[in-house]
Amino acid sequence: MVTNAHRHTHTQLIRVHVTVNRQQATVSVADDRPWAFPTPTEPAALCMERAQEGGRGLMLVDSLARAWGFTIYGGRSPRLKAVWFTLAEAEARAESGEAG
């Protein structure tokens, strides 16, 4: 997400905020270009088959995260956008068959 913010918004300041507790971790990456929206463009399987170096970040986030999205800050005069994702440890352990 930091690479996406750098590459697609050309912003000079990128902020990263991480919140972790026993059940989940949420990562937020903010930039000062509120109208440059993130959008995954292809199904993850197609993207992963290609020998390209870029274009897979949001596909991976979409497939691995419990939830993800973006938030615009600043009301009528938007100043920044934060793209975020949440990973849930309990879900990952349940899927892999590990005991709590």
Side-chain angles (χ1 to χ4, degrees):
M1 290 184 148
V2 172
T3 300
N4 282 354
H6 174 70
R7 179 179 282 171
H8 299 294
T9 67
H10 307 288
T11 186
Q12 293 189 14
L13 181 62
I14 298 169
R15 300 157 195 90
V16 178
H17 184 263
V18 180
T19 304
V20 179
N21 64 36
R22 293 178 60 94
Q23 298 166 337
Q24 65 185 26
T26 300
V27 177
S28 175
V29 177
D31 62 65
D32 60 3
R33 300 289 193 260
W35 301 115
F37 300 117
T39 54
T41 56
E42 298 181 45
L46 291 176
C47 199
M48 296 302 247
E49 291 176 358
R50 296 192 179 155
Q52 63 190 23
E53 288 190 27
R56 293 185 287 263
L58 282 178
M59 294 298 118
L60 290 170
V61 168
D62 190 47
S63 67
L64 297 173
R66 170 191 239 180
W68 76 274
F70 60 91
T71 305
I72 306 293
Y73 296 97
R76 291 184 185 199
S77 300
R79 335 179 248 102
L80 64 98
K81 165 190 79 260
V83 181
W84 55 268
F85 65 90
T86 299
L87 299 174
E89 191 268 336
E91 288 180 9
R93 285 177 38 187
E95 288 179 11
S96 68
E98 293 179 18

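All values reported here derive from a predicted model rather than from experimental measurement.
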**Request:** Rounded to the nearest 0.5 Å, what's the gap from NE2 on H6 to CD on Q12? Could you check?
**Result:** 11.0 Å
**Which atom of A25 lies closest to which atom of V20, heavy atoms considered** = CB-CG2, 4.1 Å
**Request:** In plain terms, say whether K81 and D31 are close enough for a salt bridge, that is, a side-chain N and a carboxylate O under 4.0 Å apart.
**Result:** yes
**Message:** Do I14 and W84 sit in one hydrophobic cluster, given that two such residues count as connected whenever their side-chain heavy atoms are within less than 4.5 Å of each other, even indirectly?
**Reply:** no
**Message:** Please check this pair: side chain of R66 against backbone of A88, looking for a donor-acceptor N/O pair closer than 3.5 Å.
**Reply:** no
**Prompt:** Should Y73 and W68 be regarded as members of a common hydrophobic cluster, given that ILVMFWY residues are connected when their side-chain heavy atoms come within less than 4.5 Å of each other, either directly or indirectly?
**Reply:** no
**Asked** Roughly how far, to the nearest 0.5 Å, is the OG1 atom of T26 from the CG atom of N21?
**Response** 7.5 Å
**Prompt:** Given side chains that start at C-beta, do those of V16 and V2 come closer than 4.5 Å, heavy atoms only?
**Reply:** yes
**Request:** Determine whether F70 and V18 fall in the same hydrophobic cluster, where Ile, Leu, Val, Met, Phe, Trp and Tyr are linked whenever their side-chain heavy atoms lie under 4.5 Å apart.
**Result:** yes
**Message:** Tell me which one of H17, M1, R15 satisfies side-chain contact (heavy atoms from CB on, under 4.5 Å) with V29.
**Reply:** M1
**Prompt:** L64 and V27: same hydrophobic cluster, using ILVMFWY side-chain contacts below 4.5 Å?
**Reply:** no
**Prompt:** Do L87 and V61 sit in the same hydrophobic cluster, where Ile, Leu, Val, Met, Phe, Trp and Tyr count as joined when their side-chain heavy atoms come under 4.5 Å apart?
**Reply:** yes
